[in-house]
**Q** 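Starting off with a structure, shown below.
All heavy atoms count here, side chains included; hydrogens, waters and symmetry mates do not. By convention here, the first residue in the shown sequence is residue 1.
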Amino acid sequence: MSEPSPGTFPELLAHGVGGRQDLPIPFGFAVTGAALALVISFVVLGAFWREPRLGDPEAGRPLPERVGRVVDSAGWRWALRLLGLVVVGYFGVGLFLGPDVDRNPTAGAFYVLFWVGLVPLSLLFGSVWRALNPLRTGYLLVAAAVRRDPRRGLLPLPARLGYWPAALGLLAFVWLELVAPDRATVPVIRTWVVAYAIVVLVGAVLFGVDFFDRGDAFEVYSDLVGRLAVVGRRDDGTLVWRNPLEGMSALPPAPGFVAVVVVLLGSTLFDSLSNAPAWFRLAQNSELPPVFTNTVGMLALIGLVLAAYGLTCLLAARLAPSVRPGEVAAEIAHCIVPIAVGYVLAHYYSLLVLEGQRTVALLSDPLVTGTANWLGTAHWSISAALVTPAGVATLQVTLIVLGHLIGTVLSHDRALVLFPGRAAVAAQVPLLVLMVGYTVAGLLLLFAG
């Protein structure tokens, strides 16, 4: 693979640099091994994990009291909020004042450093975007200026709204990232960002600051990934070291949550599909506009992920008539999150490493800063040492299988809560089939071509 120049973000959307030929074992063996790993884990869990072990509200070891006092202090919180304003303000220079040329780092900053980089940051530190979110900070500042309680909106926040605004926001973003014409150009990104900010701020004005928790797509995205961090909070707010499975298991079901995780998983799978030669030829040879073909393809794949999930929950519920399919769907949706996270990391790893370095280098360009090399990165040499084809291919398979294994453990533990007696194991058979199906489909799409 030849190394693209710093301004070629649109051409870099073929994210992987590893292929099935780069795996240390034949691709068929990798797929078979992944499926067997899930089946074996299912058998082992059924034999040795017979009581629910996750979801304890007291789980976790408290961090030192001194650390908790600092992190919970108003000074620390406002320092992070101001940091978020500074970083986004710097990004805004290129977005609103920079010309639409290849040297403008806006596309890389938005799609790579922010969207992809938010995953490892959240895995390490938890829900980081809630602390940095400039929209939340702006709302809090305005509320303080007008001396209004930020928790009070014009209307009460309805419980049935749930995660639906975030699900729609995520769908709008992945359409922009994967389908929209000229999506790497500054005017298109600027229009989308302004429209998104207006919608979210209107929601906050209507329903108060709590709207951000489930209404801001990027806060929800960061929070879901951050549930897998080893640092988190108990229900009482105590900052603790914890088993990452506890954080995910403690996530309460809510309206629209299934839609959020299905959009995350389905859109990432479509990103792999859209890079496959067969799909590329189909879109190019079709008499329909590519934007139409890709929109239908993305929605269809998201719909297939949802249909497979819904059918699985229906079959599982039939094995235990006391549990409704809708209840199963809501209670085990959190099990899809580590699967989606595994796909995101696997699919975008090489993009983050390579284009992330190029974007950081461009952030010191005089085009944005007005002064040469303000960040000291303008003359960085781009290193590909961490993206060897064999290494990336192996990492991709490992991340996908690990995500599914974590999902299997979470679904097993929740099944022990949902289903009575032996039905807990029987009801998991459809879930196991779903996991194997997602794994095989994901590997085939990721290594398509």
**Q** For the backbone of Leu282 and the side chain of Ser286, can you confirm whether one donor and one acceptor N or O come within less than 3.5 Å of each other?
**A** no
**Q** Is the backbone N or O of Gly162 less than 3.5 Å from a side-chain atom of Arg214, with the two atoms forming a donor-acceptor pair by type?
**A** no
**Q** Taking Glu219 first and then Arg136, would you say they form a salt bridge - that is, a charged N and a carboxylate O separated by under 4.0 Å?
**A** yes
**Q** Any chance the rings of Phe211 and Tyr139 have centres within less than 6.0 Å?
**A** no
**Q** Any side-chain heavy atom of Arg242 sitting closer than 4.5 Å to one from Val231?
**A**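 Side-chain contact under 4.5 Å: no.
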**Q** Hey, is CZ on Phe292 packed in by over 12 heavy atoms from elsewhere, all under 6.0 Å?
**A** no
**Q** Keeping Ser222 on the side-chain end and Phe218 on the backbone end, is there a donor-acceptor pair under 3.5 Å?
**A** no
**Q** Hey, are Arg130 and Asp213 close enough for a salt bridge, meaning a charged N less than 4.0 Å from a carboxylate O?
**A**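 A salt bridge is present here (some side-chain N lies under 4.0 Å from a carboxylate O).
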**Q** With a 4.5 Å limit on heavy-atom distance, are the side chains of Arg190 and Phe96 in contact?
**A**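 The answer is yes; the side chains approach within 4.5 Å.
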**Q** Looking at CG of Leu410 and CD1 of Ile332, how far apart are the two atoms once the value is rounded to the nearest 0.5 Å?
**A** 10.5 Å
**Q** Answer yes or no: is there a donor N or O on one side and an acceptor on the other, between the side chain of Arg183 and the main chain of Val188, under 3.5 Å?
**A**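 Not confirmed, Arg183 side chain does not pair with Val188 backbone.
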**Q** What is the minimum heavy-atom distance between Ala333 and Val258, and which atoms define it?
**A** CB-CG2, 3.8 Å
**Q** Any side-chain heavy atom of Leu121 within less than 4.5 Å of one from Val225?
**A**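 Leu121 vs Val225: side chains apart.
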**Q** Pairing donors with acceptors under 3.5 angstrom, does anything connect the side chains of Thr268 and His347?
**A**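 No - no donor-acceptor pair under 3.5 Å links their side chains.
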**Q** Would you please indicate if the ring centroids of Trp115 and Tyr348 are separated by under 6.0 Å?
**A** no
**Q** Can you tell me how far CZ of Arg227 sits from CD of Glu246, rounded to the nearest 0.5 angstrom?
**A**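 If I round to the nearest 0.5 Å, the distance is 12.0 Å.
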**Q** Taking all non-hydrogen atoms of both residues, which atom of Leu135 and which atom of Ala197 are closest, and how far apart?
**A**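 The answer is CD2-CB, 3.8 Å.
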**Q** For the atom pair CG (Leu306) and CG (Leu299), what is the distance rounded to the nearest 0.5 Å?
**A**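 Answer for the CG-CG pair, Leu306 versus Leu299, is 12.0 Å.
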**Q** Just by modelled atom types, is the Asp182 backbone N or O under 3.5 Å from a matching donor or acceptor in the Thr185 side chain?
**A**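 It does hold such a pair.
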**Q** Quick one: do the Ser41 and Thr408 side chains pair a donor with an acceptor below 3.5 Å?
**A**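 No, Thr408 and Ser41 have no side-chain donor paired with an acceptor closer than 3.5 Å.
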**Q** Is the Phe91 to Phe114 ring centre distance short of 6.0 Å?
**A** no
**Q** For residues Val186 and Gly94, report the shortest heavy-atom separation together with the two atoms involved.
**A**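 Val186 and Gly94 have their closest heavy atoms at CG1-O, 4.1 Å.
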**Q** Tell me the closest heavy-atom pair linking Thr439 and Ala34, and the distance in Å.
**A**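 For Thr439 and Ala34, the tightest heavy-atom pair comes out as CG2-CB, 3.8 Å.
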**Q** Honestly, is Arg53 close enough over Trp49, meaning NZ or CZ under 6.0 Å from the six-membered ring centre and within 45° of the axis?
**A**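 Positive - Arg53 is close enough to the ring of Trp49 and near enough to its axis.
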**Q** Using side-chain heavy atoms (C-beta onward) and a distance below 4.5 Å, is Thr137 in contact with Leu140?
**A**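 When only atoms from C-beta onward are counted, Leu140 and Thr137 do not touch, as no gap falls below 4.5 Å.
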**Q** Using a 4.5 Å cut-off on heavy atoms from C-beta on, say whether the side chain of Tyr309 contacts that of Leu431.
**A**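 Of all side-chain heavy-atom pairs linking Tyr309 with Leu431, none is under 4.5 Å.
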**Q** With distance as the sole test, does Thr191 use its side chain to make a donor-acceptor pair with the main-chain N or O of Pro187 at under 3.5 Å?
**A**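 Checked: pair present.
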**Q** Under a plain distance cut-off of 3.5 Å, with no hydrogens placed, do Asn294 and Trp279 share a side-chain donor-acceptor pair?
**A**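 Yes - a donor-acceptor pair under 3.5 Å links their side chains.
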**Q** Can any side-chain N or O of Arg81 pair as donor or acceptor with the backbone N or O of Pro134 at less than 3.5 Å?
**A**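 Looks like no, no N/O pair under 3.5 Å.
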**Q** Consider side-chain hydrogen bond (donor to acceptor under 3.5 Å, both in side chains). Of Tyr221, Trp129, Tyr196, which one does Asp216 pass it with?
**A**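 One option only clears the test, and that one is Tyr196.
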**Q** With heavy-atom distances below 4.5 Å as the criterion, would you say the side chains of Val353 and Ser350 are in contact?
**A**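 They are not in contact (no side-chain heavy atoms under 4.5 Å apart), so the answer is no.
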**Q** What distance separates Thr106 OG1 from Tyr111 OH, expressed to the nearest 0.5 Å?
**A** 10.5 Å
**Q** Return the minimal non-hydrogen interatomic distance between Leu354 and Ser383, and the atom names on each side.
**A**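 Between these two residues, the closest heavy atoms are CD2-O, 3.9 Å.
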**Q** Heavy-atom count around Trp78 CH2 within 6.0 Å, excluding the residue itself: above 12?
**A**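 Atom CH2 in Trp78 is packed in, count exceeds 12.
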**Q** So, does Ser127 use its side chain to make a donor-acceptor pair with the main chain of Gly226 at under 3.5 Å?
**A** no
**Q** Determine yes or no for a side-chain-to-main-chain donor-acceptor pair under 3.5 angstrom, with His412 supplying the side chain and Gln428 the backbone.
**A** no
**Q** Looking at side-chain heavy atoms only, is the closest gap between Gln396 and Leu345 below 4.5 Å?
**A**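 Side chain of Gln396 against side chain of Leu345, heavy atoms only: no contact under 4.5 Å found.
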**Q** Using atom types as modelled and distance alone, determine if a side-chain donor or acceptor of Asp271 lies under 3.5 Å from a backbone N or O of Ser267.
**A**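 No: the side chain of Asp271 does not pair with the backbone of Ser267.
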**Q** Measure the shortest side-chain to side-chain distance between Val71 and Arg233 over non-hydrogen atoms and say whether it is less than 4.5 angstrom.
**A**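 In contact.
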**Q** Identify the heavy atoms of Ala37 and Leu405 that sit nearest to each other, and give their distance.
**A**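 Distance-wise, the nearest heavy atoms are O-CD2, 3.8 Å.
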